[in-house]
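We count residues from 1, following the sequence as given. Remember, it's a predicted structure, so these values are computed and weren't measured experimentally.
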Amino acid sequence: AELIGEPARKLHTARSRNDQIATDIRLWLRDAIDGIDLQLGALQAALLAQAEAHAETFMPGYTHLQTAQPITFGFHLMAYVHMLGRDRSRLADCRGRVNESPLGSAALAGTSHPIDRHQTASILGFDRPMENAMDAVSARDFAVEFLAATAICSTHLSRLAEEIVMWSTDRFAYISLSDAFTTGSSIMPQKRNPDAAELIRAKPGRIIGDLVSLLTVLKGLPLAYGKDMQEDKEPIFDAEATIKLCLAAMTGMIDDMSVNKDAMREALSSGHPTATDLADYLVKTLNMPFRDAHQVTGRIVALADQKQCALDELSLEAIQEIEPRLDRAVQAVLSIDYCVAARSSFGGTAPGEVRSRIAAAQHIFLGTDK
């Protein structure tokens with residue numbers, strides 16, 4: 001009224017707090033999703049840059065946190081690029097359902113005034129007006145969907161954060177982070193603690209709590225509007241601020257991360273990561289059933305353990321004592337380089353295939369071609 005005078009007294013015509021609040025939340029959330037998407041793209045770009053730099057940096061791949069098969073660090077990082085791509089897809093889907101206009105639904109039943117809801121929806125940048133006035137003022141599923149998407153995204157970030165914590169320990173020493181993302185101990189001067197990663201690892205508890213909070217508010221509400229619904233603001237504001245903070249910190253850490261190639265390669269000297277390739281080789285060259293090949297490989301692994309050496313350090317004679325039909329070609333199969341290069345199937349860890357997937361991801365997610 002101070003700005004426009006008497007016409008302000010008419011602004012309430014054909015409107016209610018109910019539909020105006022619902023409209024404002026959707027406008028705010030639409031912009032919030034756009035901002036988060038930009039940050040997710042920036043994190044993908046940082047991961048892609050590191051993946052491209054380390055498409056030939058060998059490291060152990062783990063299952064159950066035990067050495068499984070040799071992979072490349074670039075291949076490992078690409079897994080997160082695609083997780084984040086699905087996060088972006090979920091948020092884009094959510095945005096489509098957010099971008100419908102409640103304005104003009106009034107309290108719950110529409111209005112008798114001759115309004116044009118399609119026009120106001122268009123002016124505000126909505127795709128369309130919502131088709132049921134009661135649904136328009138009652139619905140908060142779009143906010144729940146946003147919280148679910150951010151909860152999933154935060155879980156992905158937490159998994160990556162946990163790996164950063166592990167990789168930066170002196171037990172792994174795969175990576176190091178600068179003082180920008182670590183702090184020293186209050187009592188132990190040699191320590192460099194990955195505080196930023198640890199905080200990201202904790203944040204899903206908060207965002208998942210926001211999701212559960214809003215679901216609990218909504219679960220018993222009759223239609224249409226109830227004052228309970230004002231409790232939707234705190235969880236979505238908190239989740240948005242928290243996920244944006246996590247994305248900023250994670251992008252900074254990925255850019256900042258220094259990779260210790262030698263430590264990663266050295267880690268492949270234990271755990272017999274080429275054993276699966278030996279079993280596959282037995283199947284392909286000797287036409288051996290995989291169950292039998294698995295048993296023969298287990299005996300050869302046990303022999304290497306007994307001799308305290310890697311599989312590719314066993315003599316051909318020692319291997320032939322277990323499977324006489326094998327010839328000298330088997331020793332090449334047991335090398336780390338062979339095993340990584342051999343996994344050239346679509347989505348595999350072979351450096352050439354990793355580079356192909358990086359190029360595809362740069363096009364899909366960043367809109368760039370190299």
Side-chain angles (χ1 to χ4, degrees), residues 44 46-86 155-176 197 201 250 253-254 257-284 290 293-294 297-298 300-301 304-305 309-313 332-358 360-361:
Q44 285 181 303
L47 286 164
L48 282 162
Q50 288 281 16
E52 193 167 30
H54 296 286
E56 296 188 40
T57 299
F58 293 1
M59 68 176 291
Y62 298 94
T63 62
H64 309 279
L65 265 184
Q66 300 183 69
T67 299
Q69 293 177 315
I71 61 171
T72 68
F73 189 48
F75 172 76
H76 192 123
L77 294 178
M78 284 299 293
Y80 287 105
V81 171
H82 289 286
M83 288 184 195
L84 297 172
R86 292 191 295 276
T155 302
H156 289 157
L157 296 179
S158 181
R159 295 183 75 177
L160 178 53
E162 167 61 9
E163 298 210 286
I164 289 172
V165 170
M166 291 191 303
W167 291 339
S168 62
T169 63
D170 53 7
R171 299 295 182 186
F172 283 80
Y174 288 176
I175 65 164
S176 59
R201 189 175 59 184
M250 183 59 78
M253 278 194 293
I254 297 300
M257 184 171 63
S258 297
V259 177
N260 186 343
K261 296 181 182 181
D262 292 339
M264 289 185 175
R265 182 72 189 226
E266 177 62 26
L268 286 164
S269 63
S270 61
H272 306 301
T274 62
T276 303
D277 294 82
L278 175 56
D280 289 340
Y281 181 78
L282 292 170
V283 171
K284 288 184 286 189
F290 188 80
H294 189 284
T297 300
I300 295 173
V301 167
D305 284 338
C309 67
L311 287 177
D312 61 352
E313 294 172 339
V333 174
L334 298 175
S335 75
I336 298 297
D337 296 77
Y338 174 90
C339 293
V340 173
R343 282 177 161 68
S344 57
S345 58
F346 184 87
T349 193
E353 178 58 20
V354 171
R355 289 195 178 92
S356 294
R357 302 282 63 77
I358 289 170

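Proximity of Met83 to Arg86: side-chain heavy atoms (C-beta onward) are separated by under 4.5 Å at one or more points. Taking the side chain as every heavy atom from C-beta outward, Pro273 and Pro70 approach each other to under 4.5 Å. Within the 4.5 Å cutoff, no side-chain heavy atoms of His54 are placed close to those of Leu77. Between Arg201 and Ile164 the shortest side-chain heavy-atom distance does not fall below 4.5 Å. For the pair Thr67/His272, no side-chain contact is recorded, criterion being any heavy-atom separation below 4.5 Å from C-beta on.
Across all their heavy atoms, Val165 and Ala197 have their closest contact at CG2-CB, 3.8 Å. Nearest heavy-atom pair across Tyr80 and Glu163 is OH-OE1, 2.7 Å. Residues Ala361 and Leu48 approach most closely at CB-CD2, 3.8 Å, considering heavy atoms. Minimum interatomic distance between Trp167 and Phe172 (heavy atoms only, all atoms of both residues): O-CB, 3.8 Å. Across all their heavy atoms, Ala293 and Val283 have their closest contact at CB-CG2, 3.8 Å. Smallest separation of non-hydrogen atoms from Ala173 and Ala263: O-CB, 3.4 Å.
Using the six-membered ring where Trp is involved, His76 and Phe73 have ring planes that are tilted, between 30° and 60° apart.
Expressed to the nearest 0.5 Å, how far OG1 of Thr274 lies from CG of Asp280 amounts to 11.0 Å. Expressed to the nearest 0.5 Å, how far CG of Leu84 lies from CG of Leu47 amounts to 6.5 Å. Taken to the nearest 0.5 Å, the CE atom of Met250 stands 4.0 Å off from the CG atom of Leu160. How far CG of Leu278 is from CG of Leu311: 6.5 Å, rounded to the nearest 0.5 Å. Note that CE of Met78 is 9.0 Å distant from CD of Gln44, once rounded to the nearest 0.5 Å. Note: Thr276 OG1 to His294 NE2 = 7.5 Å, rounded to the nearest 0.5 Å.
Thr349 places a side-chain N or O within donor-acceptor distance of the main-chain N or O of Thr72, the cut-off being under 3.5 Å. Proximity of a side-chain donor or acceptor of Glu313 to a complementary backbone N or O of Ala310 within less than 3.5 Å is detected.
Other residues, nucleotides and ligands place more than 12 heavy atoms under 6.0 Å from the NE2 atom of His82.
For Gln50, the side-chain hydrogen bond (donor to acceptor under 3.5 Å, both in side chains) test picks out no residue, with sequence neighbours left out.
Salt-bridge formation is not detected for the pair Lys261/Glu56: no Lys NZ or Arg NE/NH1/NH2 atom is positioned less than 4.0 Å from an Asp or Glu carboxylate oxygen.
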Tabulate below the donor-acceptor pairs under 3.5 Å that side-chain atoms of residues 336-348 make, not counting sequence neighbours, or state none.
from   : atom 1 : to     : atom 2 : distance (Å)
Asp337 : OD1    : Arg265 : NH2    : 2.8
Arg343 : NH1    : Asp277 : OD1    : 3.2
Arg343 : NH1    : Asp277 : OD2    : 2.4

